[in-house]
Amino acid sequence: MDFKLTDIVSINDFSRADIDLVLEKAAEMEKLPVSKKNTVLANKTVASVFFEPSTRTRLSFETAIQNLGGQVVGFADAEVSSTKKGESLSDSIRILAGYADMIVMRHSIEGAARRAAEVSDKPIINGGDGANQHPTQTLLDLYTIKKAFGKISGLNIGLLGDLKYGRTVHSLMYALKKYGNVNVYCIAPDSLKMPAEIIEDVKGKINVKETSKLEEFLPEIDVLYATRIQKERFVDEFEYEQIKNVFILGKEILENTKKGFKIMHPLPRVNEIKPELDETDAALYFEQAKNGLPVREALLSILKDVKKG
Ligand code: CP
């Protein structure tokens with residue numbers, strides 16, 4: 001297998017072939033009953049350490065580890081770890097690398113996963129580092145888009161909401177660059193625009209248009225990727241309160257969309273998507289969350305034999 005990565009830290013580290021390999025493996029995993037894959041991680045232990053809250057990422061990884069026959073150790077709250085006593089991230093990761101064969105982690109600090117990968121002699125999988133990246137979410141997002149549309153290139157993709165702090169949309173932009181021939185509409189209020197350096201980075205590979213008005217490009221969009229306003233990243237709570245309900249999607253948007261139009265969201269949602277959309281054909285977000293399981297099974301099975309130099 002031609003997969004050179006020893007850690008999953010940033011989607012930028014992936015080649016297009018690496019991404020395609022994970023997506024192909026995920027499709028295989030999705031078809032296999034647990035009884036046909038429950039020895040893949042036999043005698044392997046995976047540490048799952050979440051210094052920030054999570055439902056989907058942590059529990060889909062932990063379910064994936066169990067489906068593959070591995071053991072899980074870890075914590076869901078840094079308050080119950082020795083971080084509370086002042087232990088550094090580097091020390092914690094070195095210790096965990098002595099116990100486990102792989103480490104899945106989420107941390108509030110941008111760059112935490114990269115630092116962990118430097119000090120760990122076992123593979124690190126980044127389950128989100130601050131407002132920086134969420135590469136495994138991106139892999140499941142790409143898997144979901146490909147399943148729904150049969151392709152990624154050639155699509156018109158709208159990114160909506162908090163594009164400044166939303167790590168999922170940052171990673172997705174870098175991934176779409178690897179596919180090319182994608183029109184991306186970045187739809188955000190001025191204070192939550194996609195960082196200029198990301199737009200600069202993808203320039204020439206994908207076409208990016210920016211607006212603060214959803215209606216401006218809505219009729220052209222194939223898939224609208226909505227995001228939560230990231231309350232936890234705001235320094236000023238008043239600023240969050242002012243902007244928190246900037247986009248609320250309801251059934252009325254479907255009057256002005258293309259045939260086959262889909263809505264995605266990494267979840268959790270707060271007010272961004274009204275429940276009235278949940279039972280419509282446009283709602284892809286629950287399926288998207290479910291796809292996290294085969295994609296994470298695929299990643300774990302690919303990384304299980306990695307030896308770091
Ligand atoms: N999409 C996502 O990362 O969800 P969690 O925060 O629940 O893991």
Side-chain angles (χ1 to χ4, degrees), residues 8-11 22-23 26 46-67 72 74-79 81 102-110 112-113 116 124-145 147-148 157 159-176 223-234 240 244 247 249 262-273 277-278 283-300:
I8 307 301
V9 170
S10 161
I11 203 74
V22 175
L23 303 193
V46 182
S48 164
V49 289
F50 279 68
F51 297 86
E52 263 200 332
S54 167
T55 296
R56 278 146 292 272
T57 309
R58 184 175 70 83
L59 295 176
S60 61
F61 262 117
E62 294 186 4
T63 307
I65 295 159
Q66 290 175 27
N67 284 353
V72 187
F75 50 83
D77 179 359
E79 289 290 299
S81 76
M102 289 182 263
I103 300 168
V104 180
M105 64 175 281
R106 170 174 288 184
H107 203 282
S108 60
I109 297 175
E110 294 181 25
I124 294 289
I125 303 177
N126 181 6
D129 61 327
N132 184 33
Q133 286 235 358
H134 195 347
T136 70
Q137 176 72 41
T138 299
L139 293 166
L140 77 89
D141 292 341
L142 295 171
Y143 184 73
T144 302
I145 295 171
K147 249 177 96 173
I157 300 177
L159 306 179
L160 178 77
D162 185 349
L163 308 188
K164 177 180 179 184
Y165 297 118
R167 56 193 172 201
T168 64
V169 285
H170 298 165
S171 294
L172 188 55
M173 285 284 276
Y174 290 124
L176 292 174
V223 54
L224 181 62
Y225 190 106
T227 61
R228 179 176 63 89
I229 307 297
Q230 306 276 302
K231 182 180 183 185
E232 63 275 31
R233 314 273 177 233
F234 279 71
Y240 167 75
K244 67 179 183 186
F247 297 113
L249 303 178
K262 299 290 181 201
I263 301 169
M264 292 174 64
H265 191 305
L267 303 178
R269 65 176 155 181
V270 183
N271 287 327
E272 308 82 57
I273 303 175
L277 279 165
D278 294 356
L284 196 54
Y285 31 93
F286 292 122
E287 171 73 19
Q288 179 186 359
K290 203 170 160 193
N291 288 336
L293 190 54
V295 168
R296 288 171 174 136
E297 286 174 353
L299 261 184
L300 291 163

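Given the structure is predicted, the values throughout are model-derived calculations rather than measurements. We count ligands from 1, going down the list as the structure has it; atoms in each ligand are counted the same way. The figures here come from the full heavy-atom set of this structure, side chains too, leaving out hydrogens, waters and symmetry mates.
Using cut-offs of 30° and 60° on the angle between ring planes, the pair Phe51 and His107 is tilted.
With no hydrogens or angles considered, no side-chain donor-acceptor pair links Gln137 and Thr168 at under 3.5 Å. In this structure, a donor-acceptor pair under 3.5 Å is absent between the side chains of Asn126 and Gln133.
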Is there any protein N/O under 3.5 Å from an N/O of ligand 1, and what does the full list of such pairs look like?
unit_1   : atom_1 : unit_2 : atom_2 : d
ligand 1 : 1 (N)  : Gln137 : OE1    : 3.0
ligand 1 : 1 (N)  : Pro266 : O      : 2.8
ligand 1 : 1 (N)  : Leu267 : O      : 3.0
ligand 1 : 3 (O)  : Thr57  : OG1    : 3.0
ligand 1 : 3 (O)  : Arg106 : NH2    : 3.0
ligand 1 : 3 (O)  : His134 : NE2    : 2.9
ligand 1 : 4 (O)  : Arg56  : NE     : 3.0
ligand 1 : 4 (O)  : Leu267 : O      : 3.3
ligand 1 : 6 (O)  : Arg106 : NH1    : 2.9
ligand 1 : 7 (O)  : Thr55  : N      : 2.8
ligand 1 : 7 (O)  : Arg56  : N      : 2.9
ligand 1 : 7 (O)  : Arg56  : NE     : 3.2
ligand 1 : 7 (O)  : Arg56  : NH2    : 3.0
ligand 1 : 8 (O)  : Ser54  : OG     : 2.6
ligand 1 : 8 (O)  : Thr57  : N      : 2.9
ligand 1 : 8 (O)  : Thr57  : OG1    : 2.7
ligand 1 : 8 (O)  : Arg106 : NH2    : 3.2

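Atom CZ of Arg56 and atom CG of Asn291 lie 13.5 Å apart (nearest 0.5 Å).
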Given the rule in the side chain to side chain donor-acceptor pair (under 3.5 Å) test, do Glu52 and Ser108 qualify, once you have shown the distances and angles that lead to the verdict? CA-CA 6 Å; Glu52 263 200 332; Ser108 60; 4.7 Å; no

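Every residue two or more places apart in sequence or in another chain that forms a side-chain contact (heavy atoms from CB on, under 4.5 Å) with Glu232 is listed here: Arg228, Gln230.
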